[in-house]
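Since the structure comes first, as structure tokens, the remarks are kept for the end.
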Amino acid sequence: MGDDKKIQTDSGIEIKEVYQPGDVTAPMNEQPGAFPFTRGVQPDMYRGKLWTMRQYAGFSTAEESNKRYHYLLSQGVSGLSVAFDLPTQIGYDSDHPLADGEVGKVGVAIDSLEDMEILFKGINLEEVSTSMTINASGFILLALYVALAKKTGRDFKKITGTIQNDILKEYAARGTYIYPPKASMRIITDIFEWCAAEVPKWNTISISGYHIREAGSSAVQEIAFTLSNGKAYVKAALEKGLDINVFGKRLSFFFNAHNNLFEEVAKFRAARRMWANIMKELGATDAKAMMLRFHTQTGGSTLTAQQPLNNISRVTIQTLAAVLGGTQSLHTNGYDEALSLPTEEAARIALRTQQVVAFESGTTDTVDPLAGSYFIESLTNEVETAAKQLMATIDAMGGSVAAIEEGFMQNEIARSAYEYQRNIENGSKIIVGVNKFQVDEINTTPVFKIDDSIQQIQAEKLKALRAKRDPQKVKASLESITTRAVNGENLIPAVVEAVENYCTLGEIADTLRKVFGEYR
């Protein structure tokens, strides 16, 4: 071959000009639905059931978000995904001084069970699965959801959904934490234990590579760091004496889909195989506890403010990557999200992109359609090898918690982000419409803005709520949380009781701040 030009993926894996049978060393007789699940977690994949089209939405007040959910359900989404505002994510009520200017901005403001009742008004919690992107205060939102299900007479055995609840990636990449790592890990294992007994179909954690990738990691770092975090959660649960074959089935993952189609497909396939082997080594014997099930979101950081309609094409490629890689559920971004929250039109086109791939592209007709490609199989192996090396480094430090405390993950991500940006600036990485093929443009994309009056509305609701609830019950509920926190008992029953007595999110978070302190 005459071409000696080096071409690499964004993870630094060198791509050959052509791939031959000799490049594939893996056994080619793997079956989908069987260990190690490289080819998918179901034997029939999308022939049996399509992925869940789960569009992420939430803004302003519970009333406004409820309208958007009803709209999305009417347009064919099969699962809801709730975005919460920043104060809710870090455990402050809307009338807290630190909530100023942030109420209802990046998601919906939820202060109490009253807001939750409005958020899901007219929606049967047994019939729709709900994913909640919430971490530090995830246990409170779970309690609110359970209290709402109880109040509306729903069967806990039938409730399905996920709380993200992945605090390690907050310390590593995203920053919305409340308590120190050890206290946070304890809350997470409390959730595992309580849900296994009470809400058996609930996914108790969504171990998230999405934000690691958004912070600038490569595809290889995304799976290495995410699976290392997953391993840390499993070990914490094992130390608490929980059964890996029970809680292992309720772990789910959350990955990003970027534009390098083949590397992304290889990443998803490699992650499944790696996780199956990790769980086996940690003692899982039930096949379902070794399956890596994941939600995908298209890459927010790949969206450009320049020529925003080009983002529709990017999201389409990313959708194909997720589907060809075997995702269980998918959120597609709106083309305008580099400019604002998605408008209704952008949200609809994003959903239609999934539907076109599902019903018109033929990619769902057979399982793992890219299997056996010399290129894909070779790339799957290379991604796995590189990710395993990185995980070995983390294991040598004592695992994820230690690697985060030492700043290792943060530094690796920062270095990768810097490299990527440098390549864009020197033109070796082309971003269409940004550093090549530019046009003079006036932005005419309609922008969706949230009004600052929402904070006032939420504050008034809180004032009214505090006036009408039973102060004795509130006091007793919060004292019960303190007692359990100090004694090391499972916190969740006390938190559920507290929200049922209309204690607010901020009051519950503050009660635990007094016991655990805050992470700085």
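Note that the numbering runs from 1 along the sequence shown for the chain. None of the values given here were measured: they were computed from a predicted structure.
- Phe225 has its side chain within reach of Met409: a pair of non-hydrogen atoms, C-beta onward, lies under 4.5 Å apart.
- Side chains of Glu412 and Ser217 form no contact here, defined as non-hydrogen atoms less than 4.5 Å apart.
- At distances below 3.5 Å, at least one donor-acceptor pair connects side-chain atoms of Ser416 with backbone N or O atoms of Gly216.
- Evaluated for a side chain to side chain donor-acceptor pair (under 3.5 Å) with Glu425, the options Lys429, Arg422, Gln421 yield exactly one hit, Gln421.
- Remark: aromatic rings of Tyr374 and Tyr19 are distant, center separation not under 6.0 Å.
- The residues Lys16 and Glu14 are annotated as not salt-bridged, no charged nitrogen and carboxylate oxygen being separated by less than 4.0 angstrom.
- Side-chain contact between Tyr145 and Val199 is absent, with no heavy-atom pair separated by less than 4.5 Å.
- For the pair Leu142/Trp202, a side-chain contact is recorded, criterion being any heavy-atom separation below 4.5 Å from C-beta on.
- In this structure, the side chain of Asn435 does not engage the main chain of Gly427 through any donor-acceptor pair within 3.5 Å.
- Under the 4.0 Å criterion applied to side-chain N and carboxylate O atoms, Arg39 and Glu30 are not assigned as salt-bridge partners.
- Each of Thr162, Ile163, Asn165 was compared with Ser206 under the side chain to side chain contact (heavy atoms under 4.5 Å, CB included) criterion, and only Thr162 meets it.
- Residues Met290 and Asp286 have side chains not in contact (no heavy-atom distance under 4.5 Å, counting atoms from C-beta outward).
- Using a 4.5 Å heavy-atom cutoff, the side chains of Tyr335 and Leu303 are not in contact.
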Could you go through the salt bridge (Lys or Arg N to Asp or Glu O under 4.0 Å) check for Asp44 and Lys49 one step at a time?
CA-CA 8 Å; Asp44 58 354; Lys49 180 176 176 274; over 6 Å; no
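- In this structure, the side chain of Ser137 engages the main chain of Thr88 through a donor-acceptor pair within 3.5 Å.
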Could you walk me through whether Glu263 and Lys267 satisfy the salt bridge (Lys or Arg N to Asp or Glu O under 4.0 Å) test, starting with their C-alpha distance in whole Å, then the side-chain angles of each, then the deciding distance to 0.1 Å, before giving a yes or no?
CA-CA 6 Å; Glu263 185 178 39; Lys267 173 189 84 177; over 6 Å; no
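- How far OG of Ser252 is from CZ of Arg293: 6.0 Å, rounded to the nearest 0.5 Å.
- In this structure, Ile178 CD1 and Glu170 CD are separated by 10.0 Å, a value rounded to the nearest 0.5 Å.
- When all heavy atoms of Thr364 and Arg47 are compared, the closest pair comes out as O-CG, 3.7 Å.
- Between the side chain of Asn311 and the main chain of Thr304, a donor-acceptor pair closer than 3.5 Å is present.
- In this structure the side chain of Lys231 reaches within 4.5 angstrom of the side chain of Asp395, judged on heavy atoms.
- Crowding of Lys280 atom NZ: a count of heavy atoms from other residues, nucleotides or ligands under 6.0 Å not exceeding 12.
- Phe294 pairs with exactly one of Phe268, Tyr210, Trp275, Phe254 by the ring pair (Phe, Tyr, Trp, His ring centres under 6.0 Å) rule, that one being Phe268.
- Side-chain N or O atoms of Gln89 include one that pairs as donor or acceptor with a backbone N or O of Phe84 at under 3.5 Å.
- Between the side chain of Tyr233 and the backbone N or O of Leu168 there is at least one donor-acceptor pair closer than 3.5 Å.
- With Thr332 contributing its side chain and Ala350 its backbone, the two residues share a donor-acceptor pair below 3.5 Å.
- Under a cutoff of 6.0 Å and an axis angle of 45°, Arg272 and Phe255 do not form a cation-pi pair.
- The distance between the ring centers of Tyr171 and Tyr519 falls below 6.0 angstrom.
- Looking at Gln318, its side chain does come within 3.5 Å of a backbone N or O of Gly299 through a donor-acceptor pair.
- Annotation: side chain of Leu351 is in contact with side chain of Met53 (closest heavy-atom distance under 4.5 Å).
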